[in-house]
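Remarks on the structure that follows.
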Amino acid sequence: MVMGAFSISVALLLLSLFHRVHSKLSYKVEQAVESGCDLYQGNWVFDKSYPLYDNSSCPFIKKEFNCQNNGRPDTDYLKYRWQPTGCNLPRFNGREFLSRLRGKSIMFVGDSLSENQWQSLTCMLHSAVPTANYTVTKTGNIFTFTFPDYNVTVLLDWNAFLVDIMGTSEGRALKLDSIEGAKVWNGIDVLIFNSWHWWTHTGRKQPWDFIQVGNKTYKDMDRLVAYEKALNTWAKWIDSNVEPKKTKVFYQGVSPDHANASMWGQPSAKECAGQTEPLHGPKYPGGPHPAELVVEKVLSTMSKPVYLLNVTTLSQLRVDGHPSVYGSGGHSSQDCSHWCLAGVPDTWNEFLYATLIQNQS
Ligand SMILES: *[C@@H]1O[C@H](CO)[C@@H](O)[C@H](O)[C@H]1NC(C)=O
Ligand SMILES: *[C@@H]1O[C@H](CO)[C@@H](O)[C@H](O)[C@H]1NC(C)=O
Ligand SMILES: *[C@@H]1O[C@H](CO)[C@@H](O)[C@H](O)[C@H]1NC(C)=O
Ligand SMILES: *[C@@H]1O[C@H](CO)[C@@H](O)[C@H](O)[C@H]1NC(C)=O
Ligand SMILES: *[C@@H]1O[C@H](CO)[C@@H](O)[C@H](O)[C@H]1NC(C)=O
Ligand SMILES: *[C@@H]1O[C@H](CO)[C@@H](O)[C@H](O)[C@H]1NC(C)=O
C-alpha cells in the first residue's frame, strides 16, 4: 500500500513536471526550484562535508579519472560545493534518486565527458546504497550499469559526434545530416546529450577524412559551423522522435578545458598543473565558451522541451578540477579537459538530481 501511494505520487510529480516543462514549449532554461532563483548563478564554497564519495567508497573509478589513486597530493579540490546566489541546490540523495526512478533508464550520450558524468553518477548512487547489487556490462559502444534491486539502469552510449561517421570508397565521411546512431535512444526515459571535444581534433586524432552534407563533400569546415549543422540534425531528430510524456531530454552544457592559463590571467602557469583552488566567481575571465553559444542557439529553435544543464561557466571556474598529470598515472602530458572523480561532474549530477526531483511536495 505504501508502495502504491508512493508510485502514484511519483507519477503525479513527473506529470506535473512535464506539464510545466511542456507548457513553455520552446526551449527555456527551467528553474530547478520554485523560487525563480537561477541555480547556475553563484560561486564555489569550501564545504568539509564533501566529497560525496571517494576512491574507497567507489571502487570502480576509471584510472584516468582517479586522481587520488594516481597520486594527486592535494585534496581541497574535493571539498568545493556549488552555492547558488539566491537559493540552495538540494543535497544529492542517492536513495531518493533510485526510488523515484524505479523502473527507468537514464542514458548519457556523448564522448568521454559523458563518460565522466556517467561514472560520477554511478559512484554517487553506489556509495548511497553500498550493499545493493549492481552489474556493469558493455555491448558495442554501450555501457550499462544496473541496480537490479531498484530496477534502475544508467547507460552510456559512447558517441562523440552524435551524427554519423560512415566508411565510403573515398574514406571516412563525417555526415552532418545523418543520425542513424540515434536508434538506440528510443525508449529511454532520461537522455543526457553532450558533444564538442572531438570536433576540435585534427591530424591523427581526427577520426574522419572529409565532411559530407547531402551530396556535397568538404575537405574541412569551420568546426563551430560543422558542430552547429550536426546539432541541428540532432535537434530535428529530438523534435520528431521524442515523446515528452515518456522521455525527458537534457543537454549537458559544453565542458570547458583549461589548457591555456592566459585565459584566466595566469600566463606563467603551465596549463592546469598545480592549480589547487577554483577561481572566484561569478564570471570567468576568458569569457563565454564559443561552443556553448552554439548549443544555446540550437536549443532555442527546438519545439520539444530540452533542459540545458548550464554547467559551462561554473566549470570554467574549476581550473583545479582536472587530472593534470594525475590522469593516466605518471604520464608526463597533462589532462586539462577531463575531471577528477570525485569532483566537478558530481555537481553536474546534483543539477540533474535537482531537476528530476523538482516540484517535490
Ligand atoms: C547559463 O549560465 C550563465 C552563467 O550563470 C549565464 O550567463 C547564461 O545566460 C546561462 N544560459 C542560459 C541559456 O540560461
Ligand atoms: C585513495 O586516496 C587516498 C587519499 O585520499 C590515498 O591515500 C590512497 O592511496 C588512495 N588509494 C586507495 C587505493 O585507497
Ligand atoms: C523494470 O522496469 C521495466 C520498465 O519499466 C519493467 O518493464 C519491468 O517489469 C521492471 N522489472 C521489475 C523486476 O520490476
Ligand atoms: C545480490 O545478488 C545475488 C546473486 O544474484 C543475490 O544472491 C543476493 O541476494 C543479492 N543481494 C541483494 C542485497 O539483493
Ligand atoms: C544527389 O545528387 C543526385 C544526382 O546528382 C540527385 O538526384 C539527388 O537528389 C541528390 N541528393 C541530394 C540529397 O541532394
Ligand atoms: C591563450 O589565450 C590567450 C588569451 O586569450 C591568447 O592570446 C593566446 O593566443 C592563447 N594561446 C593559445 C596557444 O591558444
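We count ligands from 1, going down the list as the structure has it; atoms in each ligand are counted the same way. These numbers come from the heavy atoms of this one structure, side chains and all, not from hydrogens, waters or symmetry mates. Not measured: the values here are computed from a predicted model.
- Protein residues lining ligand 6, listed by chain and number: N260, S262, M263 [non-hydrogen atoms, distance under 4.0 Å].
- For ligand 1, one of its N or O atoms has an N or O atom of Q41 under 3.5 Å away.
- Side chain to side chain, S255 and W339 meet the donor-acceptor criterion of an N or O pair below 3.5 Å.
- Atoms of ligand 1 lying under 4.0 Å from at least one heavy atom of E296, given by number and element, are 11 (N), 12 (C), 13 (C).
- If you check the side chains of T276 and D320, you find no donor sitting under 3.5 Å from an acceptor.
- A side-chain donor-acceptor contact under 3.5 Å links D189 to the backbone of S105.
- Between W264 and Y284, the ring planes are tilted. Angles from 30° to 60° get that label.
- For ligand 1, the atoms lying closer than 4.0 Å to a non-hydrogen atom of Y40 are 5 (O).
- Every residue two or more places apart in sequence or in another chain that forms a side chain to side chain donor-acceptor pair (under 3.5 Å) with D220 is listed here: R223.
- Residue T355 holds its OG1 atom at 10.5 Å from CG of N349, rounded to the nearest 0.5 Å.
- Only one option out of Q266, R318, H322 pairs with Q275 in a side-chain hydrogen bond (donor to acceptor under 3.5 Å, both in side chains); it is Q266.
- How far CG of L341 is from CZ of F60: 10.5 Å, rounded to the nearest 0.5 Å.
- No N or O atom of T313 sits closer than 3.5 Å to an N or O atom of ligand 1.
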